[in-house]
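A note on names: the letters A, B, ... follow the listed sequences, proteins ahead of strands, and every chain is numbered from 1.
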Amino acid sequence: MPVNEELRVLKTLSYDATHYSLFVQAGSIGALTRPGHFAMLQAGDGLRPYLRRAFSIADVTTVAGVPALEFVVKVVGVGTAALAHFAEGTPLPVLGPLGVPFPIDDLGRDDRVALVAGGIGLAPLVLLSRVLAARGVTAELFYGGRNEKDVLKRADFERFLGAHRCAYATDDGSLGRKGLVTELLQRELSAGKTYKRLYACGPVPLFRALARIADEADLETSFALESEMACGFGVCLGCVVPARDGRFATVCKEGPCLPHTAIDWSRV
Amino acid sequence: MPVNEELRVLKTLSYDATHYSLFVQAGSIGALTRPGHFAMLQAGDGLRPYLRRAFSIADVTTVAGVPALEFVVKVVGVGTAALAHFAEGTPLPVLGPLGVPFPIDDLGRDDRVALVAGGIGLAPLVLLSRVLAARGVTAELFYGGRNEKDVLKRADFERFLGAHRCAYATDDGSLGRKGLVTELLQRELSAGKTYKRLYACGPVPLFRALARIADEADLETSFALESEMACGFGVCLGCVVPARDGRFATVCKEGPCLPHTAIDWSRV
Amino acid sequence: MSVDLAVRLGPLALRNPIATASGTFGYGLEFEGYVDLGGLGAISVKGLSRRPCHGNPPPRICEVDAGMLNAIGLQNIGIDTFLGERLPLLHAKGATVIANIWGDTEDEYVEVLERIGDDARVAAIELNVSCPNVVKGGMVFGNDPVALAALVKRCRVATKLPLVVKLSPNSGDIVAAARAAVDSGADILSLINTLVGLAIDLERREPKIGFTTGGLSGPAIRPIALRMVWEVRRALPNVPLFGMGGIETVENVLEFLVAGATAVQVGTANFRDPFVSGRLVKELAAWCDRHGVDRVADLVGTLKTRPRPEHTFAKA
Amino acid sequence: MSVDLAVRLGPLALRNPIATASGTFGYGLEFEGYVDLGGLGAISVKGLSRRPCHGNPPPRICEVDAGMLNAIGLQNIGIDTFLGERLPLLHAKGATVIANIWGDTEDEYVEVLERIGDDARVAAIELNVSCPNVVKGGMVFGNDPVALAALVKRCRVATKLPLVVKLSPNSGDIVAAARAAVDSGADILSLINTLVGLAIDLERREPKIGFTTGGLSGPAIRPIALRMVWEVRRALPNVPLFGMGGIETVENVLEFLVAGATAVQVGTANFRDPFVSGRLVKELAAWCDRHGVDRVADLVGTLKTRPRPEHTFAKA
Ligand SMILES: Cc1cc2nc3c(=O)[nH]c(=O)nc-3n(C[C@H](O)[C@H](O)[C@H](O)COP(=O)(O)OP(=O)(O)OC[C@H]3O[C@@H](n4cnc5c(N)ncnc54)[C@H](O)[C@@H]3O)c2cc1C
Ligand SMILES: Cc1cc2nc3c(=O)[nH]c(=O)nc-3n(C[C@H](O)[C@H](O)[C@H](O)COP(=O)(O)OP(=O)(O)OC[C@H]3O[C@@H](n4cnc5c(N)ncnc54)[C@H](O)[C@@H]3O)c2cc1C
Ligand SMILES: Cc1cc2nc3c(=O)[nH]c(=O)nc-3n(C[C@H](O)[C@H](O)[C@H](O)COP(=O)(O)O)c2cc1C
Ligand SMILES: Cc1cc2nc3c(=O)[nH]c(=O)nc-3n(C[C@H](O)[C@H](O)[C@H](O)COP(=O)(O)O)c2cc1C
Ligand code: FES
Ligand code: FES
């Protein structure tokens, strides 16, 4: 059962003009959080933004000893801009953890999985990396962005997974391979590597490409989807994606983590 | 010509839970301000509050050497609540000085005038007191509130005018006379005292009572009126009061300082 | 002092005037843990049709200033699943359930009513004749008093349950629609549904909503909703009304009561704050207590208005 | 790159599409020092009547969420004072002046038009047939296409100047009103005027506005206004439109253009920020420059919409 709590802002860590990490008290949400969960944050009590905004719980960690939730945020509009500016101590209404997390219970020491992030899609993969590493699962990260600045929290990923298991791709070649992140993955698959599951988060074109790759390679997947959300807990029916069975599935309740086979990509 | 400027908040001085002084940079507004002028302040760039709010320029002063405008504010709703919480350095859009100030040019050393304040109506009388004092005009203050906490900036008034020229009345007798501020004035008039002009600011019932007194005693007046304002510079026609000539007069442009004889009290 | 919060809307008695609005409260059960379902005045569930409906392709929602647009397209689990799986649970929680229903044709409305029959676990039927977000789906009834009258007449015959008709604010003359519904047998009116709006994604030069337009809800529409409640109350003082549109605070609730609504429905605010409806019940009691109001029903329709002045001209 | 901001609305050529809305910009001169009056696309002045009008008793305005209500009641200096004292000054500043006019009867409209004659300092006439804030005063024309058609026909005969008709959003069918106006001789349509709203002072249980209801303006109405512009554009693609309702930013301006307005009018935003109209002219040029748009007119009506899907049902 998700909880609604007023959690105080602990700190904000700015990466560049449009990316930052927001740390808030973990409250009772922290202990309930599994990789892939998200939360709905109310950015101020004004009318702009009006609705809460959805963010992956990027990590459950501590800030100066205080249990904390970390959100990694990209500024794209009024809500993400407002959240960047709350002073330490400001109470933020947070509803979470929400949604269906990444399936990981079946993984053990002998398993290898792939994590693919596009841009801000890194967010849900941070906690996933931490948890998989703790379990001894071998996880390889393929992380793409427009340029080096777009690729966040490398130190964390490399600490959790080992630097040799982290591969990067950028549009301008400023970090890692110049090109698409899917090319990194494709290269491994072509070399005969297999993965028990592919976890991914990023923009729709990335998901589309990965779905194609997964179909060809017969890979099991779990995609952390995004969509515009009003409620985050399954009542507004605003956040849906077309499902293979003809229905529309709620991203907030049936997702956000769904196998690519659940989705009708022709209608996305 | 009023100016619109982004003026930085210098400090906020809280008197109690519902009253505070807000000091902002004087900009070029300070030098243009005469007693009775007001300004329109935008409290934040959100939608709540949406429109600017009108406040008397209570004083033109300095804060730690920086030329400043002082506003004395009573919290009554969303705008006055928001203005209380801006951090030092926040830029506030301020349009001012606006309106017709108190007529004082004809006053000199031999003149005696009365100043009557009800509640937050003290605001425009602060600068008026300072200026009259500087000119050597004898000004007597009659200031009423619900209780002692409602009576603000006594030290300033007593410094400008002399403590013996400041009389107070409160509903509960916690400061000065228990009763109405009009009774203080009435007592002086009954004792035969005369005033060249009566300056007043307060709630409508006070104005009404003062208008009656002024008619009886044949007193010249200048009332600093209030009314809900959208623009503050004469274009929305939202702020009007019924005028004696059958028209509706704009408080923001024809006022806020108007003789009581300009107003049709039967239609107020 | 103990405040009497009970209100009566014709045949429908509610323990308090705080209900939740269709489409914004799911089937109620989603709010367990946030709200005491049995403590609300009523719950109007997501609009039900005779068969499960998939709704519109996304994007279905977007935020606008002081509100949102939606074009969900009436996605719902269908009347049978509702009656079989959700209603028993809602009933067990002590919830007062309003079945909000819709159809593409008169027959479809009647079919839903027949499936409900006189199930006593349903406290009232609410006919949605005003959804702007489907190509068919009731909107035609909402915008045409003649079609509306015909539909309500057939529904009136098809059910003995209290009949609420939910009106569209898009039709221009809300009083005409109200009259048509009441004359045809509606016991209660709900107003308002959403106003048709458009928001544009400038970079793509496309509507933000896949259906092009969407229904505007939230604080933005509150003044319009209040005006319509007041207008209908003035024209039809004996018809009980559910008022809704942008209700967020207890003051908003009271404004609607004072304007003439006997009860209110809380909509979009449930998304922003899932606790709001339950909290409003408590805050309403506290407000009445503070203001010396013994019975909340005494507040209904107490707005004092003055005759409207004609503008006058300067003498020539 | 130098962007061509000029637009043409039938017989009315404007140097750019940013005009100011009647009742929110006074007689223009009040904005000297804030805005270069000659640099605006046009200025629609406060609604003029044949005699100076006192308007409604206060309170006339109140703030609501994301906007305001007003019931000014059309207070104005009268057509004669306007022509004698304000128009010459406006003209000297190089302003493109739209005379917004109103009357209680057809005759009164015509009388105002006759006083204006074919004064070339007036670029266009804008008939306000949609003010919700007076007991008579035009609203009747706005809500009844037949009355509207009759009025516009008489006005069409009474003036040779470009004729703009400003429509009411309260009538339910904005397209019917648009058609009636255009078929009767309107060159241009303005939409929208304010929506009728109510706000309540809870402690007094009285309307916050002395006239009871007031017209809702500001960001709250933007989605409704955009939708109406789009609807009228789609139905009458050759009729030039002024779009307005809650415009604050250059993005808002562009949304209206993309939806189908050839030019816009900025209203309530002038109160919050007296500089806004002048700034929008500059920002529009900058936006076009950044986006590689040579002629702003090319953006008008470029909204790409898809056919609306019908909702589908689960198989039985
Ligand atoms: C389950 C989930 C997890 C998410 N996790 C993160 C995260 O960890 N970090 C992060 O930075 N963002 C995340 N997002 C996206 C985030 O919710 C949006 O960026 C945010 O809501 C935009 O709000 P805004 O007010 O800044 O932008 P707005 O002004 O509302 O919109 C700006 C632009 O962003 C688009 N947009 C708005 N909401 C979404 C959305 N939910 N998904 C995609 N596009 C949207 C709008 O269409 C518009 O083009 C997540 C979204 C979901 C649904
Ligand atoms: C020329 C002028 C000078 C003023 N000087 C001062 C001053 O020096 N200090 C000060 O504290 N206040 C002053 N006021 C009043 C101040 O403008 C209002 O208190 C303020 O606008 C309320 O805003 P709000 O958002 O807090 O309240 P809202 O939520 O907007 O309203 C709360 C309540 O206050 C009432 N109200 C709103 N605006 C006004 C208004 N302009 N006048 C009277 N009542 C209003 C509303 O009707 C409502 O009942 C002045 C007003 C004017 C017109
Ligand atoms: C996402 C969403 C879905 C809705 N679905 C329905 C519905 O199925 N049936 C209905 O009668 N009204 C529906 N409505 C309208 C609401 O019940 C309500 O009338 C409207 O939103 C105004 O109230 P509000 O401003 O408090 O939200 C829906 C509204 C929203 C926002
Ligand atoms: C205070 C005020 C006065 C208005 N007076 C008039 C008027 O005299 N004539 C008219 O046609 N429209 C009048 N309007 C309507 C505006 O011109 C405009 O159509 C409406 O406010 C919507 O635009 P906005 O949301 O940008 O304000 C008035 C609006 C306001 C807020
Ligand atoms: S966000 Fe409301 S149902 Fe998913
Ligand atoms: S506040 Fe707009 S005219 Fe006075």
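Residue with the most contacts toward chain B among K46(D), E32(D), E248(D): E248(D) (heavy-atom pairs, distance under 4.5 Å). Interface check for chain B: of the options G33(D), A269(D), G67(D), the most heavy-atom pairs under 4.5 Å are formed by G67(D). Ranked by non-hydrogen atom pairs under 4.5 Å with chain D, the options M40(B), R267(B), K253(B), R48(B) are led by R48(B).
Both the backbone and the side chain of P57(D) come within contact range of chain B, each with at least one heavy atom under 4.5 Å from a heavy atom of that chain. Within the 4.5 angstrom heavy-atom criterion, only side-chain atoms of F275(D), from C-beta onward, approach chain B. Contacts between C53(D) and chain B at a heavy-atom distance below 4.5 Å are absent for every atom of the residue.
Across F248(B) and P58(D), no two heavy atoms sit closer than the pair CE2-CD, 3.7 Å. Across all non-hydrogen atoms, the minimal contact from Y50(B) to P219(D) is OH-CD, 3.2 Å.
Residues D273(D) and P93(B) are not in side-chain contact: their nearest non-hydrogen atoms beyond the backbone lie 4.5 Å or more apart.
Checked by atom type and distance alone, the side chain of R52(B) pairs as donor or acceptor with a backbone atom of R272(D) at under 3.5 Å.
Of all residues in residues 220-240 of chain B, those placing a non-hydrogen atom less than 4.5 angstrom from a non-hydrogen atom of chain D are E228(B), M229(B), A230(B), C231(B), F233(B), G234(B), V235(B), C236(B), L237(B), G238(B), V240(B).
The number of heavy-atom neighbours closer than 6.0 Å to CG of D45(B), taken from other residues, nucleotides and ligands shown, is 12 or below.
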